[in-house]
Engineer: 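Would you mind keeping the following structure in view while I ask a few things?
Fair warning: this is a prediction, and the values are worked out from it, not measured in the lab. Each chain gets a letter, A, B and so on, in the order its sequence line appears, and its residues count up from 1.
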Amino acid sequence: MKERLRQAIQAALQGCFDAGSLNSGIVPEVQIEVPGNPQHGDFSTNVAMMMARAEKKAPRQIAETLITALGEPNDFWQKVEIAGPGFINFTLAPTCWYQVLDRVASENVTFGRSEAGRGHKVQVEFVSANPTGPLHIGHGRGAATGDAVAAVLEATGYEVQREYYINDAGNQINTLGRSLLLRYRELQGETVAFPEDCYQGDYIVDLAREVLEAEGNRLLEMPETEAVNWFGTFGGDRILTGIDADLQAFGISMDHWFSEKSLFDNGAVKEGLAQLAERGLSFEQDGATWFRTTEFGDDKDRVLVRSNGETTYFASDVAYHMEKLSRGFETIIDVWGADHHGYVPRMKAVFSGLGYSPETLQVILVQLVNLLRGGEQVAMSTRSGEFVTLREVVDEVGRDACRFFFLMRRSDSQLDFDLELAKQQSTENPVYYVQYAHARVCSINRNATEQGVALPGPGEADLTRLSLDEELALAKLLARYPETLLGAARHYEPHRVIFYLQELAAQFHSYYNREKVLVEDAAISQARLALVNAVRTVVRNALELLGVSAPERM
RNA sequence: GGCCCCGUAGCUCAGCUGGAUAGAGCACUCGCCUCCUAAGCGAGGGGCCACAGGUUCGAAUCCUGUCGGGGCCGCCA
């Protein structure tokens, strides 16, 4: 609708130039926005003000000329006004808006989707927690965010892959192996000093017990390094399986799991390093190999190979991202915890160094989650193993509330997650508020069926019977859903969908309280059923993207 | 010391590529179920958009500086 208006304006402008009523010949990009104040119409453009300088005329005068060129009101726009310093406000004909309801009905599950990103391959890498312990609440936010970003991109036509990067090569796996081995010995009566740098959580003891039951004490015989390796591999596998299960329970399934270790096994790390050297991007100093990231905006050069010959995590990451690029993704999105933000410049430097635009890499930084219970902070410390796992939270508050809460804030602002609030079934809880809108429409539909009233199919209801302001306003809001999705996708901001949903639910609840849908007049009932079912469809479609269910009753 | 993020109502936060009178939820006060689900709705108070400059026809939004809060700065991952 916006596009159609834009074209009309552009055509009118061209007409003005051709006719000589405007003469700068400079056509600015026509910006159209939805005014905050409904009295200012449905759409508004500031072209006249933008052109004032080039035309050397007053904005209002330019607006005047432009309006004349636009011609008489028609079945598309109903009214054009010049307002304020030179805004041109358009009010569209109600029928335009009601057409949206038919579109929602006929497109149904695909309403809101678009082809904007068609032909673009995007990868979203998220969670990627070390396989050394269960997912905790912070990972949950990253998971919800990454999945929603991926979903929103898919909905706008991008080809998306969800990937999990498994850090199974660094010395944290070694630490895991050591931790398990020590607990294993302990279970067999040995007194061991359990070091502080080992993983403290109870899950380590549980895993060790599992090994004891399955393998007996045969691992005691094994030479220490071999045993540590064995336990590291075993533990990593088991924990990763658990992580996958936790993600599944959270409604997330990865398309691809990528092992860091595989980059070593197939020589990708070595080859990557060789390529960097060849391109003159790395150099030797103090016995170590460095990436010249300072040449690309980083404030310090970074070590790739330590003087003891071991590669750094950074080296793996360079190789990993080279590998991603070779898979043909045009955009690579990494979802990281905000504590890694210092890592962004060096990773972007890698892209620049390799001849790619740094924009190819998009990093979404997810801020910490502050876990509360009834306003009281819940203590957490990974060190001591006292953390709240994602699984525990999902079990306690449910998947819907959990995912919704994680997405309620933009990812770069800290999030307070109150367990009590998330569980509450009250007006305070925004999850239920939105879901309730859906359930209410379903309830209306059930009543209609009971009364022998058939639900209108697409195009069947006489929508001109929707004569109330609230009805028009609802239709307009529904019409904005596709562009809301597009905005959320373009900016990687799924929270926009949440805010949209809350607004839509609010308008629906208000309407519901004011007007009855099923009334005496059958034609009006039909029209209203079409309207509220369009609301239902959009609520359901949007919730689906966010991984939240749309219950039919509550 | 360097760099990054943030500062909007009592609290938690939106504010789209700069636009017209800055919004929502919670909390607080008052009102609404003989009527499709009250997990709902309506009404009300509440603001120097941290501060000071600058750019612009126009700034919460962009730039600079100051103050305040948080974070990062390893040949760890």
Engineer: Taking Watson-Crick and G-U wobble pairs with both distances under 3.5 Å, convert RNA chain B into its dot-bracket string, 5' to 3', dots for unpaired and | for cross-strand pairs.
Structural biologist: (((((((..((((.....[...)))).(((((.......))))).....(((((..]....))))))))))))....
Engineer: Does either side chain, that of Gln172(A) or that of Thr132(A), offer a donor lying less than 3.5 Å from an acceptor on the other one?
Structural biologist: no
Engineer: Please collect all salt bridge (Lys or Arg N to Asp or Glu O under 4.0 Å) contacts where either partner lies in residues 508-524 of chain A, sequence neighbours excluded, each pair once.
Structural biologist: Arg465(A)-Asp521(A), Glu470(A)-Arg514(A), Glu515(A)-Arg528(A)
Engineer: Under the salt bridge (Lys or Arg N to Asp or Glu O under 4.0 Å) rule, what pairs show up with a residue in residues 361-374 of chain A, not counting sequence neighbours?
Structural biologist: Arg373(A)-Glu396(A), Arg373(A)-Glu420(A)
Engineer: Could you tell me whether the side-chain ring of His341(A) sits stacked on the base of rG71(B), using a centroid cut-off under 5.5 Å and a plane angle under 30°?
Structural biologist: no
Engineer: Here's a test of your reading of the structure: between Ala505(A) and Asp299(A), which maps to the more 5' nucleotide of RNA chain B?
Structural biologist: Asp299(A)
Engineer: The criterion is ring-ring contact (aromatic ring centres under 6.0 Å, His included); which residues satisfy it with Phe499(A), sequence neighbours excluded?
Structural biologist: His495(A)
Engineer: Quick one: which protein N/O atoms are closer than 3.5 Å to N/O atoms of nucleotides 74-77 of chain B? Pair and distance per line, please.
Structural biologist:
from	atom 1	to	atom 2	distance (Å)
rC75(B)	O2	Ser307(A)	N	2.8
rC75(B)	O2	Ser307(A)	OG	2.9
rC75(B)	N3	Ser307(A)	OG	3.2
rC75(B)	N4	Asp286(A)	O	3.1
rC76(B)	OP2	Arg306(A)	NE	3.0
rC76(B)	OP2	Arg306(A)	NH1	2.4
rA77(B)	OP1	Arg306(A)	NH2	2.8
rA77(B)	OP2	Tyr313(A)	N	3.0
rA77(B)	O3'	Gln172(A)	OE1	3.0
rA77(B)	O2'	Asn130(A)	ND2	3.4
rA77(B)	O2'	Gln172(A)	OE1	3.4
rA77(B)	N1	His340(A)	NE2	3.4

Engineer: State which residues pass salt bridge (charged side-chain N to carboxylate O under 4.0 Å, His left out) with Arg490(A); sequence neighbours excluded, sorted by chain then number.
Structural biologist: none
Engineer: Compute the ring centroids of Phe296(A) and Phe351(A), then answer whether they are less than 6.0 Å apart.
Structural biologist: no
Engineer: Distances under 3.5 Å only, N/O to N/O: pair up the protein atoms with those of nucleotides 8-14 of chain B.
Structural biologist:
from	atom 1	to	atom 2	distance (Å)
rU12(B)	O2'	Arg409(A)	NH2	2.8
rC13(B)	OP1	Gln414(A)	O	3.1
rC13(B)	O5'	Arg409(A)	NE	3.4
rC13(B)	O2'	Arg409(A)	NH1	3.2
rA14(B)	OP1	Arg410(A)	N	3.2
rA14(B)	OP1	Ser413(A)	OG	3.4

Engineer: Grab the N/O contacts between the protein and nucleotides 54-60 of chain B below 3.5 Å, and write none if there aren't any.
Structural biologist:
from	atom 1	to	atom 2	distance (Å)
rC57(B)	OP1	Arg53(A)	NH2	2.4

Engineer: Just how far, in rounded Å, is P of rC72(B) from NZ of Lys348(A)?
Structural biologist: 21 Å
Engineer: Checking Tyr511(A) now: which residues fulfil ring-ring contact (aromatic ring centres under 6.0 Å, His included) with it, not counting sequence neighbours?
Structural biologist: none
Engineer: Under the ring-ring contact (aromatic ring centres under 6.0 Å, His included) rule, collect the residues that match up with His509(A), sequence neighbours excluded.
Structural biologist: Tyr433(A), Tyr436(A)
Engineer: What residues, two or more places apart in sequence or in another chain, satisfy ring-ring contact (aromatic ring centres under 6.0 Å, His included) together with Tyr492(A)?
Structural biologist: none
Engineer: In chain order, what residues pass the side-chain hydrogen bond (donor to acceptor under 3.5 Å, both in side chains) check against Asn174(A), with sequence neighbours excluded?
Structural biologist: none
Engineer: With nearest nucleotide decided by heavy atoms, which residue, Thr45(A) or His491(A), maps closer to the 5′ end of RNA chain B?
Structural biologist: His491(A)
Engineer: Does the structure show Tyr436(A) stacking with rG40(B), if we require the centres to be closer than 5.5 Å and the planes to be within less than 30 degrees of parallel?
Structural biologist: no
Engineer: Nearest whole angstrom, please: distance from the P of rG25(B) to the OH of Tyr500(A).
Structural biologist: 17 Å
